[in-house]
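To start, the structure itself, in structure tokens.
Small disclaimer: the values here were computed from a predicted structure and weren't measured.
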Amino acid sequence: MSGIASSDESVFGADNGIARGVQSGVVVTLDEDSELRRESRELRRYDAFGNPILNAISQPNVDPRKSDAEPEREHVLRGALIALLLVVVVAICLVKVVSLDNLRKEPVWAVYSLLVTAFILSRFGLAFFYRPRPTAESATYCPSVAIIVPAFNEPAIAETLNACLSVDYPTERIRVVVVDDKSTDDTLARIRAVAAVHPELTVVASEANGGKRHAMAAGIAADADSEIFVFIDSDSQVQPDAVRKLIAYFADPAVGAVAGHTDVSNQDTNLLTRMQAMQYYIAFRVHKSAEALFSSVTCCSGCFSGYRRAAVDPVLHSWAHQKFFGQPSTFGDDRSLTNYLLPNWRVLYAPDAQAYTAVPDRMQQFLRQQLRWKKSWLRESARAAKVMWRKHPVMALMFYLGFILPFMAPQIVLRAFVVQPRFLGELPFWYLGGVAAMAIVYGIYYRLHQRERDWYKGIFFTMFYTLLLVWQLPYALLTIRDSKWGTR
């Protein structure tokens, strides 16, 4: 099962990037009364000046032939999936019990296998108990808010800005700041077109390309007094109520940062985006929930997260000018800023604050993104390791296991596919069976929460990770001083 042992935060939790985009603008909304996320998604397009094109609104994808039997079929399917999930989990546990005899023969590999299984399944269990409850003050809590959007060569910037300008929050208490990081295309022109229609939009045009982190810092500098910063990637769109729901968590004065929930907007593009859609959902709904149970989310993802000014101001200069081995830290800005807050502030996850983001749809772009994320995960996890021992013992154990186990994963894969077949005459049936079983657990969990027609395609990511992405970690470690963005 080592193919999925690597910390999923190293794959999904870092900066979402600002160099990606979708060619056609999309703002995604959800009907809160519907269980069908896919069918209730509405696509609204805007012209260059931010005006909605009314005849371009796509109606929910509802099949008129559906009968009253549809809910019953879904109920039966859910029951079957839950039964299958229980069978798979029980089978995994039984196999581990039976294989305890291997502790004498191969103690290192046996212990690794047990730890990986416990680590993965425990996060599902911990996530189940995360039930954020608003405080009494959250209903009336209305601090001043600045939405900051760093942008570089972003085709979808107008859609992102229109979504930000349309959020459900008192207009006198919110402002939107967009920072163009010296784009080489017409991004700034598209920003100014939106500003022409919305003069309340604050536009900052950088004189030189300084990178996403400096663009975020410039956005903070452009806002003098807002109590809460909300960072949104230039290829992400938020729901109208997302900011209000995110801000409610800050009613607790001990909360320094909150990560919103982000799903994939272009999941239907190809198999690669479909796989990422499932992994994004698991990374947020399971992994961040498990960490938030102990108020210790390790990465408030750049696609949509909020920070308290009082928490950011004391560390702003250190964060903006962070260096690693003498090189500027040009990526991992979100994980780094979260790290600065973790020692003294509660860091939570808001599953009800919804945003959507575009993910890479080409393999080369995807691999470069993953390499960048792994480098930032290596750098920032080493920093976080210095303070995580002060957290709840369960959180500390979960963090340190998630940091150590990924380094063993390449060795396990090498042993399963090279050493065992070549020198021991054993085919890796048990290893592949374990990987497949855990992939099914991920896939069924995703389907139980998301009624997606092609949900099963996300399962392929586990095999994909095992065969390819697991080898990126050693390479990321060897090239960690290379701070090039890769996809810009």
Side-chain angles (χ1 to χ4, degrees), residues 9-10 13-18 145-150 152 177 179 181 204 206-233 250 253-259 291 295-348 372-391 396 399 403 476 480-485:
E9 288 294 335
S10 69
D15 56 304
N16 197 42
I18 60 174
V145 175
I147 298 178
I148 299 173
V149 183
F152 177 79
V177 180
V179 181
D181 192 26
V204 178
S206 299
E207 296 182 357
N209 177 257
K212 183 181 177 183
R213 187 177 306 221
H214 288 281
M216 294 168 67
I220 294 175
D223 177 79
D225 53 6
S226 293
E227 300 169 71
I228 305 294
F229 302 124
V230 176
F231 292 109
I232 297 176
D233 274 344
F250 288 96
V255 173
V258 181
E291 295 175 338
S295 303
S296 301
V297 173
T298 55
C299 179
C300 290
S301 303
C303 38
F304 176 42
S305 292
Y307 296 84
R308 190 184 299 274
R309 175 186 283 274
V312 172
D313 278 351
V315 301
L316 180 59
H317 183 270
S318 298
W319 168 74
H321 298 88
Q322 182 186 8
K323 290 187 177 182
F324 186 72
F325 285 125
Q327 299 294 321
S329 299
T330 55
F331 44 71
D333 43 85
D334 47 6
R335 185 179 292 276
S336 173
L337 186 55
T338 306
N339 253 349
Y340 276 105
L341 271 59
L342 273 173
N344 303 309
W345 296 86
R346 297 182 67 204
V347 182
L348 301 178
R372 186 175 73 240
W373 286 5
K374 283 181 172 62
K375 289 180 180 180
S376 64
W377 176 81
L378 285 167
R379 183 191 70 220
E380 296 304 325
S381 293
R383 286 183 57 216
K386 300 176 183 178
V387 299
M388 293 305 292
W389 61 271
R390 294 163 46 187
K391 301 296 183 179
F399 172 82
F403 184 46
I480 196 167
R481 293 191 63 184
D482 182 1
S483 58
K484 294 179 181 178
W485 189 265

(request) Please report the closest heavy-atom contact between R379 and S329, naming both atoms and the distance. (result) NH1-CB, 3.6 Å
(request) Would you please classify the geometry between the F399 ring and the F403 ring as parallel, tilted or perpendicular, with 30° and 60° separating the classes? (result) parallel
(message) To check you understand the geometry: which heavy-atom pair defines the closest contact between M388 and S296, and what is its length?
(response) CE-CB, 4.4 Å
(request) Any chance you could measure D181, atom CG, to S206, atom OG, to the nearest 0.5 Å? (result) 5.0 Å
(request) Please name all residues satisfying side chain to side chain donor-acceptor pair (under 3.5 Å) with S295, sequence neighbours left out, ordered by chain then number. (result) R346
(request) Test side chain to side chain contact (heavy atoms under 4.5 Å, CB included) on K375 and F331 and set out the steps. (result) CA-CA 9 Å; K375 289 180 180 180; F331 44 71; 3.7 Å; yes
(message) Is any side-chain heavy atom of Y307 closer than 4.5 Å to one of L337?
(response) yes
(request) Taking all heavy atoms of C300 and all of D334, pick out the closest pair and write down the distance. (result) O-CB, 3.2 Å
(message) Determine whether a donor-acceptor pair (N or O, by modelled atom type, separation under 3.5 Å) exists between the side chain of K391 and the backbone of L342.
(response) yes
(message) Under the rule for side chain to side chain contact (heavy atoms under 4.5 Å, CB included), what residues qualify as partners of P314, not counting sequence neighbours?
(response) none
(message) Taking the side chain as everything from C-beta on, heavy atoms only, tell me whether R213 gets closer than 4.5 Å to S336.
(response) yes
(request) Taking all non-hydrogen atoms of both residues into account, name the closest pair between C299 and A259 and its distance. (result) O-CB, 4.4 Å
(message) As an exercise, state the distance from CZ of F250 to CG of L348, rounded to the nearest 0.5 Å.
(response) 8.5 Å
(message) I need the S376 OG to R335 CZ distance, nearest 0.5 Å.
(response) 6.0 Å
(request) Locate the shortest heavy-atom distance separating V179 from A215; write the atom from each residue and the value. (result) CG2-O, 3.5 Å
(message) If we ignore hydrogens and angles and just use 3.5 Å, is the side chain of N339 paired with the main-chain N or O of E380 as donor and acceptor?
(response) yes
(request) Grab the two heavy atoms, one from W319 and one from D333, that are nearest each other, plus how far apart they are. (result) NE1-O, 3.0 Å
(request) Answer whether the closest heavy-atom distance between the side chains of V230 and V145 falls below 4.5 Å. (result) yes
(message) I want to check something: taking the side chain as every heavy atom from C-beta on, are I148 and D223 in contact at a cut-off of under 4.5 Å?
(response) no
(request) Taking the side chain as every heavy atom from C-beta outward, state whether V255 and R308 have any pair of such atoms under 4.5 Å apart. (result) yes
